[in-house]
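What follows is a single structure, written as structure tokens, with notes after it.
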Amino acid sequence: HVQLVESGGRSVHAGDSLTLSCFGVESLNTDYSLSWFRQTPGKEREGVAALYRGNGITYYSDSVKGRFTISQNRAKGTLDLQMNSLKPEDTATYYCAAALGVGWFGPTTWDSKARYYYWGQGTQVTVS
């Protein structure tokens, strides 16, 4: 049984940096894709960043490219999302997700929510 748990969300000011961590990914093998999604009330959940454990390839949404970095923290056994230069529009609940990433995972499909069947409960990030 895989349980993903996010942590690190809090209220920050615009321009600040914040790192989110997702626990529970260490039990997944290298065939898994790991992603961060975010959602605000009334909007669809959107992909933020993704990483394929097999080869380390990463993808980012245009809105966060150059500001956010997804990575595996092997010392902690977590999937991290380093967020720099935060903006008010980054305010959302952030979710960690995992799915078998063989075949379908690519630059136009990494954020297909239906592919991900392990989800965390989310952590709130508020940027003012």
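Linking ILVMFWY side-chain heavy atoms closer than 4.5 Å, directly or via other members, places Leu79 and Tyr117 in a single hydrophobic cluster. Cluster annotation: Ile57 is not connected to Phe68 through the hydrophobic network of ILVMFWY side chains, with a link wherever side-chain heavy atoms come within less than 4.5 Å. In the hydrophobic clustering of this structure, Tyr116 does not group with Leu28; members are Ile, Leu, Val, Met, Phe, Trp, Tyr whose side-chain heavy atoms approach within less than 4.5 Å, directly or through other members. Val5 is not connected to Tyr118 by any chain of hydrophobic side-chain contacts under 4.5 Å among Ile, Leu, Val, Met, Phe, Trp and Tyr, and they are in different clusters. Linking Ile, Leu, Val, Met, Phe, Trp and Tyr whenever their side-chain heavy atoms come within less than 4.5 Å puts Val2 and Tyr32 in one cluster.
For the pair Lys113 (side chain) and Arg45 (backbone), a donor-acceptor distance under 3.5 Å is present.
The salt bridge (Lys or Arg N to Asp or Glu O under 4.0 Å) search around Arg67 returns Asp90, not counting sequence neighbours. The side chain to side chain donor-acceptor pair (under 3.5 Å) search around Ser21 returns Lys76, Asp80, not counting sequence neighbours. By the salt bridge (Lys or Arg N to Asp or Glu O under 4.0 Å) test, Lys43 pairs with no residue at all, sequence neighbours left out. Under the rule for a salt bridge (Lys or Arg N to Asp or Glu O under 4.0 Å), Asp111 has no partner lying at least two apart in sequence or in another chain. For Glu89, there are no salt bridge (Lys or Arg N to Asp or Glu O under 4.0 Å) partners at least two apart in sequence or on another chain. Under the rule for a side-chain contact (heavy atoms from CB on, under 4.5 Å), the partners of Glu46 that lie at least two apart in sequence or sit in another chain are Arg38.
Put simply, OG1 on Thr69 and CG on Asn84 are 6.5 Å apart, with the number rounded to the nearest 0.5 Å.
Figure legend: Arg115 and Phe105 shown without cation-pi pairing, the cationic atom not lying both under 6.0 angstrom from the six-membered ring centre and within 45 degrees of its axis.
Paired with Val25 under the rule side chain to side chain contact (heavy atoms under 4.5 Å, CB included), one option of Leu51, Asn73, Leu34 passes, and it is Leu34. Under the side chain to side chain contact (heavy atoms under 4.5 Å, CB included) rule, Arg10 has a single partner from Leu18, Thr123, Leu20, Val125, which is Leu18.
Across all non-hydrogen atoms, the minimal contact from Ser33 to Tyr52 is OG-CD1, 3.5 Å. Of all non-hydrogen atoms in Ser27 and Gly24, the two that sit nearest each other are OG-O, 3.1 Å.
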Would Ser128 and His13 count as a side-chain contact (heavy atoms from CB on, under 4.5 Å) here? Give the steps. CA-CA 5 Å; Ser128 60; His13 293 111; 3.7 Å; yes

Run Met83 and Ser17 through side-chain contact (heavy atoms from CB on, under 4.5 Å) and show every step you take. CA-CA 5 Å; Met83 304 186 293; Ser17 296; over 6 Å; no

Given side-chain contact (heavy atoms from CB on, under 4.5 Å), test Tyr59 with Ile70 step by step and report yes or no. CA-CA 9 Å; Tyr59 298 109; Ile70 187 171; over 6 Å; no

Cys22 and Trp36: side-chain contact (heavy atoms from CB on, under 4.5 Å), yes or no, with the steps? CA-CA 9 Å; Cys22 175; Trp36 286 96; 3.7 Å; yes

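Using the six-membered ring where Trp is involved, Phe37 and Trp110 have ring planes that are tilted, between 30° and 60° apart.
In this structure, Tyr94 and Leu81 have side chains that are in contact, with non-hydrogen atoms separated by less than 4.5 Å. Side-chain contact between Trp119 and Cys96 is absent, with no heavy-atom pair separated by less than 4.5 Å. Looking only at side-chain heavy atoms (C-beta outward), Gln72 and Arg53 come within less than 4.5 Å of each other.
A donor-acceptor contact under 3.5 angstrom links the side chains of Ser61 and Ser63, judged on distance only. Under 3.5 Å, the side chains of Gln124 and Thr93 contain a donor-acceptor pair of N or O atoms.
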